[in-house]
Amino acid sequence: MVDRNLINEYDVTEEELAALVGLDSPSMDQLQLGSPSFDIGSIVTGRVIEVDGDRVIVDIGFKAEGLVPLNEWEDEEPPKPGDEVEVLLEDMEDETSEVRLSRRKALRMRAWENVIAKHHEGDVVEGIVNRKIKGGLLVDIGVNVFLPASQVDIRRPPDIQDFVGQMVKCMILKIDESRRNIVVSRRKLIEMTREDQKKRLLSEIEINQVRTGTVKNIADFGAFVDLGGIDGLLHITDMSWGRINHPSDMLKIDDQIEVIVLNVDKEREKIALGLKQKSASPWEGVAEKYPVSTKVIGEVVNVMSYGAFVKLEEGIEGLVHISEMSWTKRINHPSELVSPGDKIEVVVLGINRDKQEISLGMKQTQLNPWDQVAQKYPPTTMVEGVVRNLTNYGAFIEIEEGIDGLLHISDMSWTRKIGHPNEVLEKGQKVSCQVLHVDQDRKRIALGLKQMRQDPWETDIPNRYEPGDTVKGKVTKLTNFGVFVELEPGLEGLLHISELADHKVESPEEVVKVGDEIEVRVLRVDRAERKIGLSRKKAGWNEEEGGEEPTSEDESGTPREAKSDQSQLKGGLGGRGPLFSLGGDTPPAADQDPAPEAAE
């Protein structure tokens with residue numbers, strides 16, 4: 001049985017189809033085949049009387065001869081006087097008695113008669129595609145029949161014009177005798193044929209079989225291969241052991257290829273195919289061929305943000321991670337060092353055969369500069385570098401390409417209190433430093449700026465500020481435990497709250513404020529702690545007593561040491577601990593040491 005619903009897919013009306021296939025020939029009701037009468041539309045037998053120019057004069061037994069255009073014999077031998085021919089009586093002119101005949105339409109009538117006698121709906125016929133028309137193709141099977149575009153193939157071709165001139169087999173879908181047209185389907189025939197092939201294929205196919213197929217379609221992810229009844233999927237990853245960007249790099253439509261069956265799902269009628277599996281995997285024996293630490297030459301085939309893929313041989317690629325590209329250079333993207341097509345030397349770092357992964361390194365082909373750092377920069381070495389970065393805790397100084405040292409904020413100045421390195425240094429500034437320590441294993445170098453000059457706390461400050469000296473200073477900061485007094489730029493002393501006045505002071509704000517110029521007496525200079533303890537009360541006493549030096553006892557006879565417990569006095573400047581310890585309380589730590597003027 002023929003599915004007549006297929007006929008509804010045509011993009012052509014019944015009238016258009018009749019005009020294209022049947023042309024203007026009379027209907028079967030008009031046709032009087034073999035009739036001896038001279039009815040319009042009947043086929044009669046006549047004898048060629050004469051060939052006159054482009055006309056053939058034929059005697060059909062009528063009172064007047066008939067005329068047939070000579071070009072209607074274009075597919076036959078030209079007629080000769082005396083030849084008997086069948087012609088179609090098209091018209092008779094009453095006034096001139098001229099009879100119009102057609103040899104071509106008579107032949108078409110006879111061909112239609114033969115086709116109708118031989119074939120029925122559902123039969124398979126064969127013919128040559130004549131031309132492309134609206135909605136499909138015309139196929140000559142003895143008469144022109146209509147092959148709709150939707151019935152040309154299972155998948156509609158990009159251009160059905162490609163079928164013109166080809167011999168095709170089709171199934172007759174519909175015969176309309178009244179309109180004298182026939183509709184055929186190549187697709188229906190293919191589907192029926194494939195159904196039989198599919199049943200046979202599913203009963204025979206097994207995993208690891210080698211099958212021959214035809215590439216029917218190509219997608220980004222792979223190619224569909226017709227095995228005869230079923231299309232199998234040849235995924236892009238199973239085409240080659242090497243890298244391919246698109247399946248069209250290896251295949252094209254209608255290619256005949258041999259493939260290996262990788263998997264079969266008979267219930268879902270799905271088949272997975274492989275092409276690369278026809279040859280041995282290059283990963284077999286890769287560990288023996290490329291042992292760890294081996295140096296090899298490879299070609300960069302792809303560059304990603306995290307590294308570069310390098311082809312060692314066809315089907316074998318390794319990854320050079322961005323961290324394995326250089327010992328010292330700061331790389332934002334691998335493309336800064338390599339590009340696809342580059343030939344580079346790499347070292348095999350590791351192989352994962354199960355995952356088919358090889359780790360490669362570029363920097364391992366060169367000496368690690370950090371291996372020489374300890375010898376090249378021993379402690380006390382003077383170096384010059386450029387400030388590369390500033391942080392809250394210090395500055396990173398590049399002393400050679402890729403080798404940075406840390407200049408900690410506490411190693412910037414002996415005396416100056418620095419809140420942030422940008423108070424002393426700026427990015428891009430050249431600065432000279434001294435190497436303090438090298439940790440080769442952790443790849444760290446400690447640098448010092450203040451060590452470039454002598455520590456003023458060793459001799460200079462103790463020589464200029466001795467206990468008992470009266471000096472002037474400026475109040476810079478008030479705390480709950482005392483007052484910081486700037487004695488000179490970069491040098492401060494602590495005036496403890498108990499030393500602010502003779503009477504008891506609850507808060508320093510009662511006596512002084514920031515910015516006041518005051519006179520104080522040096523109580524203590526602590527070299528180890530880098531601090532100076534001050535007293536305003538003692539300075540007042542000296543003034544009342546005419547500037548005499550204080551005795552070891554005060555007016556009450558109590559020794560001074562008893563009143564200002566030196567174990568608690570921690571006055572002075574610095575970022576190395578509290579200025580005072582009162583009753584076990586831990587006051588807030590001061591800022592860390594700043595940097596010398598040389599770095600400003």
Side-chain angles (χ1 to χ4, degrees), residues 12-121 123 125-131 133 138-146 172 174-184:
V12 62
T13 65
E14 292 282 353
E15 290 72 17
E16 290 174 324
L17 186 59
L20 289 168
V21 177
L23 298 179
D24 56 350
S25 299
S27 67
M28 292 296 292
D29 294 335
Q30 296 174 309
L31 187 59
Q32 303 294 326
L33 298 178
S35 173
S37 64
F38 298 103
D39 295 333
I40 300 298
S42 62
I43 292 179
V44 296
T45 300
R47 183 171 56 85
V48 176
I49 301 299
E50 180 185 0
V51 178
D52 182 14
D54 60 353
R55 299 184 305 172
V56 178
I57 301 173
V58 179
D59 180 12
I60 60 172
F62 193 61
K63 59 183 179 179
E65 288 83 7
L67 301 177
V68 182
L70 180 60
N71 60 14
E72 292 197 9
W73 271 269
E74 58 186 1
D75 296 330
E76 302 178 78
E77 288 289 332
K80 301 184 297 294
D83 288 351
E84 285 195 354
V85 293
E86 280 190 327
V87 291
L88 177 77
L89 180 59
E90 286 194 293
D91 197 11
M92 289 186 292
E93 300 284 346
D94 291 339
E95 296 180 359
T96 61
S97 296
E98 183 178 289
V99 179
R100 286 195 297 110
L101 307 173
S102 173
R103 169 67 175 171
R104 181 183 294 128
K105 291 181 181 179
L107 293 176
R108 190 173 294 150
M109 293 291 183
R110 292 303 184 196
W112 172 259
E113 181 183 26
N114 291 334
V115 168
I116 293 299
K118 292 180 181 179
H119 301 297
H120 302 86
E121 292 183 358
D123 286 356
V125 293
E126 188 174 15
I128 294 178
V129 179
N130 279 337
R131 61 191 174 99
I133 61 173
L138 282 184
V139 181
D140 184 4
I141 63 170
V143 294
N144 283 336
V145 297
F146 179 56
I172 297 176
K174 179 184 177 183
I175 298 176
D176 189 339
E177 294 189 23
S178 63
R179 293 179 178 272
R180 289 195 309 107
N181 59 53
I182 298 176
V183 178
V184 297

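Heads up: numbering here begins at 1 and tracks the sequence. Just so we're clear, the structure is a prediction, and the values are computed from it rather than from any experiment. These numbers come from the heavy atoms of this one structure, side chains and all, not from hydrogens, waters or symmetry mates.
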Student: Check step by step if side-chain contact (heavy atoms from CB on, under 4.5 Å) holds for K80 and V48.
Tutor: CA-CA 7 Å; K80 301 184 297 294; V48 176; over 6 Å; no

Student: Would you compute the distance between atom CD1 of I60 and atom CD1 of I49 and round it to the nearest 0.5 angstrom?
Tutor: 11.0 Å

Student: Does a side-chain heavy-atom distance below 4.5 Å link I43 with V87?
Tutor: no

Student: Looking at every non-hydrogen atom in both residues, tell me the closest pair between A111 and G142 and how far apart they are.
Tutor: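 Scanning both residues completely, I find the closest heavy atoms to be CB-O, 3.5 Å.
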
Student: When rounded to the nearest 0.5 angstrom, what distance separates NZ in K174 from CG in N181?
Tutor: 6.5 Å

Student: Any chance you could measure L101, atom CG, to I57, atom CD1, to the nearest 0.5 Å?
Tutor: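 Spacing of CG (L101) from CD1 (I57) equals 11.0 Å.
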
Student: Is the count of non-hydrogen atoms from other residues, nucleotides or ligands lying under 6.0 Å from E126 atom CD greater than 12?
Tutor: yes

Student: In sequence, state the C-alpha distance, the side-chain angles, and the governing distance for R47 and V58, and then conclude on side-chain contact (heavy atoms from CB on, under 4.5 Å).
Tutor: CA-CA 5 Å; R47 183 171 56 85; V58 179; 5.8 Å; no

Student: Got W112 and L107 here, is their nearest side-chain heavy-atom distance under 4.5 Å?
Tutor: no

Student: Examine the side chains of D54 and N71 and answer whether a donor and an acceptor come within less than 3.5 Å of each other.
Tutor: no

Student: I'd like to check V125 versus H119 (side-chain heavy atoms, cut-off strictly below 4.5 Å). Are they in contact?
Tutor: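 In short, these two side chains touch, coming nearer than 4.5 Å.
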
Student: For the pair E86 and R110, find out whether any cationic side-chain nitrogen is under 4.0 Å from an anionic carboxylate oxygen.
Tutor: yes

Student: Go through the steps to decide whether V139 and F146 satisfy the test side-chain contact (heavy atoms from CB on, under 4.5 Å), and finish with yes or no.
Tutor: CA-CA 6 Å; V139 181; F146 179 56; over 6 Å; no

Student: Atom CZ of R103 and atom CG of L70: how far apart are they, to the nearest 0.5 Å?
Tutor: 12.5 Å

Student: Is any side-chain heavy atom of R100 closer than 4.5 Å to a side-chain heavy atom of L67?
Tutor: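 Not touching, per the 4.5 Å side-chain cut-off.
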
Student: Is the closest side-chain heavy-atom distance between V85 and T45 below 4.5 Å?
Tutor: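 No, side chains not in contact.
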
Student: Under the side-chain contact (heavy atoms from CB on, under 4.5 Å) criterion, do I175 and I116 qualify, and how do the steps go?
Tutor: CA-CA 9 Å; I175 298 176; I116 293 299; 3.6 Å; yes

Student: Find the distance between CG (N130) and CD1 (I141) and round it off to the nearest 0.5 Å.
Tutor: 11.5 Å

Student: Could you tell me whether the side chain of P79 reaches within less than 4.5 Å of the side chain of W73, counting heavy atoms only?
Tutor: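 In short, these two side chains touch, coming nearer than 4.5 Å.
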
